[in-house]
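Ligands are counted one by one from 1 in listed order, and the atoms in each one are counted from 1 as well. Keep in mind that this is a model prediction, so the values were computed, not measured.
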Amino acid sequence: MRILVLGSGAREHAIVKALLSEGADHEVTAAPGNAGIALEAPVVALDPTNGDVVAQYALDNAIDLVIVGPEAPLVAGVADKLRTRGIPVFGPGKAAAALEGSKTFAKRIMDEAGVPSGKAIRAGTIADAIQAIDEYGAPYVVKADGLAAGKGVLVTPDRAAAIAHAEFWLQHGDVLIEEFLSGEEVSLFLLSDGHSVLPLSPAQDYKRAFDGDEGPNTGGMGSYSPLPWLPAGFVDEVIDTIALPTIRQLAAEQKPFIGLLYCGLIVTSKGIRVIEFNARFGDPETQVVLPRLVTPLSGLLFAAATGGLGSLPRPEFSDEVAVGVVLASEGYPDDPITGRRIDGLDRVRDVTIDHAATAASGDTFVATGGRVLSVVALGGTFAAAREKVYAALGEISLQGGHFRTDIAEKVS
Ligand code: AMP
Ligand code: GLY
């Protein structure tokens, strides 16, 4: 197959590797890709959010399948442009991508579909926001309605900070005040063709910047898969009570969800609740889920893109476990310092490096963003996988770079 992957992060690097590892002679191209992806596949300098440009490239190059990595092209309607021109695309159109792009839209869909989520109040003024903040009490959960590059959510015991966050994001639109939910978080990815869904293996993401879940929220600092502590029947319950009702509600509203439904879940004492939906693969969860996938990824995504998931068995995963740790630049997430040299990548063993924000520089790379790369290892046990990841991180040097040291510790 000729496959075009849109995006430029570690998630897209992991997707490209999974496609190439099938050994099926796929021709995989990434747009715009990154310096790490360029080591293994051609990259083209396309703006992935420009649907006309992407569609023209796909037609000119006889692309069989476009896989959309990040949310920005989805929310911009790139998948719609491709579908209109008959190009198979894994990624929802703009209307269904609002499940990620607008938290109030997601809440409405969940309410209509009877999907369990926390209580929430939408506020358009600071007076309404303060009233909702006081109604739910501490800890406070305040969210921007629209895409906010991971900065829109604040969970805090500090009422003044909650109000200040609401005040800031009200300049950009509505805010959502939510009831605080407590429990373990699960990221479950479901492939959807608009009617049927197939689950991938669950993973857990570490959202806070520092060990022990301290510090600010980030895009994700590490992950592991599978989750040995999940109750039996968890995945089936999510399919029956969350994923299928959501997909059906969207279909009934003529907003078919074709792509990856990312269910961000929390297992509370009262049952499973949705914290958020995303409309694409998660980062850094993808880096630990795809290396464990045994079933060829291309066939699954093509079937989702072309309406054929219903006839396929569930994807198979290896018994090995995976641990991934993100190396971030000094100052991430607030104000990352970029341009610094990364050394030691040639010394690592038994791990995969998924590049996120790097540029080639002489015989090595420099960091060009906040989350620089993911280091991923497979192992027979979490302890074994952790040992490999942290040994590799010990070889890599990036001035001021930081990573969490407790990823998957609790399952080791
Ligand atoms: P989101 O971007 O909505 O996934 O939120 C980012 C993170 O904030 C989540 O992964 C949770 O750790 C936390 N969070 C979001 N909503 C809630 C909530 N209602 N209760 C507790 N924690 C939350
Ligand atoms: N890992 C969180 C996300 O991809 O949104």
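Atom 17 (C) of ligand 1 has Val141 CG1, 3.8 Å as its closest protein atom, hydrogens excluded (heavy atom only). Closest protein heavy atom to atom 20 (N) of ligand 1: Leu181 N, 2.8 Å. The protein heavy-atom contact nearest to atom 11 (C) of ligand 1 is Glu185 OE2, 3.0 Å.
The shell of residues lying under 4.0 angstrom from ligand 1, judged by heavy atoms, excludes Arg273. Ligand 1 has at least one atom lying under 4.0 Å from a heavy atom of Glu179.
Val186 has its side chain within reach of Trp229: a pair of non-hydrogen atoms, C-beta onward, lies under 4.5 Å apart.
For the side chain to side chain donor-acceptor pair (under 3.5 Å) test with Ser117, the passing option among Arg273, Glu179, Lys107 is Lys107; the others fail. In summary, of the residues considered (Val5, Leu290, Val43), a side-chain contact (heavy atoms from CB on, under 4.5 Å) with Val16 occurs for Val5 alone. Tested against Asp213 for a salt bridge (charged side-chain N to carboxylate O under 4.0 Å, His left out), the candidates Lys207, Arg208, Arg404 yield a single pass: Arg404. Residue Gln287 forms a side-chain contact (heavy atoms from CB on, under 4.5 Å) with just one option from Val325, Val376, Leu373, and that option is Val376.
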Next on the checklist: Applying salt bridge (Lys or Arg N to Asp or Glu O under 4.0 Å) to Lys103 and Glu178, what does each step give before you reach the verdict?
Outcome noted: CA-CA 11 Å; Lys103 290 192 189 280; Glu178 287 189 9; over 6 Å; no

Checklist entry - Can you check salt bridge (Lys or Arg N to Asp or Glu O under 4.0 Å) on Lys94 and Asp80, steps first, answer last? => result CA-CA 7 Å; Lys94 184 175 180 162; Asp80 302 292; over 6 Å; no

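Of the candidates Glu178, Lys143, Lys207, Lys103, the one placing a heavy atom closest to atom 15 (C) of ligand 1 is Lys143.
Residue Phe180 has at least one heavy-atom neighbour below 4.0 Å for each of these atoms of ligand 1: 20 (N), 21 (C). Less than 4.0 angstrom separates some heavy atom of Val155 from each of these atoms of ligand 1: 8 (O), 13 (C), 14 (N), 23 (C). Within the listing of ligand 1, atoms 1 (P), 2 (O), 3 (O), 5 (O), 6 (C), 8 (O) sit less than 4.0 angstrom from a heavy atom of Val153.
No part of Asp205 comes within 4.0 Å of ligand 1, judged by heavy-atom distances.
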One line per pair, note the atom names and distance for all nitrogen or oxygen contacts under 3.5 Å between ligand 2 and the protein.
unit_1, atom_1, unit_2, atom_2, d
ligand 2, 1 (N), Asp205, OD2, 2.8
ligand 2, 1 (N), Gly219, O, 3.4
ligand 2, 1 (N), Asp283, O, 2.9
ligand 2, 1 (N), Glu285, OE1, 2.8
ligand 2, 1 (N), Glu285, OE2, 3.4
ligand 2, 4 (O), Arg280, NH1, 2.8
ligand 2, 4 (O), Asp283, N, 2.9
ligand 2, 4 (O), Asp283, O, 3.4
ligand 2, 5 (O), Asn278, ND2, 3.3
ligand 2, 5 (O), Arg280, NH1, 3.4
ligand 2, 5 (O), Arg280, NH2, 2.9

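Aromatic ring orientation, Phe189 versus Tyr262: tilted (interplanar angle from 30° to 60°).
A salt bridge links Glu184 with Lys410: the distance from a Lys NZ or Arg NE/NH1/NH2 to an Asp or Glu carboxylate oxygen falls below 4.0 Å. A salt bridge links Lys17 to Asp354: one of the charged nitrogens lies within less than 4.0 Å of a carboxylate oxygen.
Looking only at atom types and distance, the side chain of Glu135 has no donor-acceptor partner in the side chain of Gln131 under 3.5 Å away.
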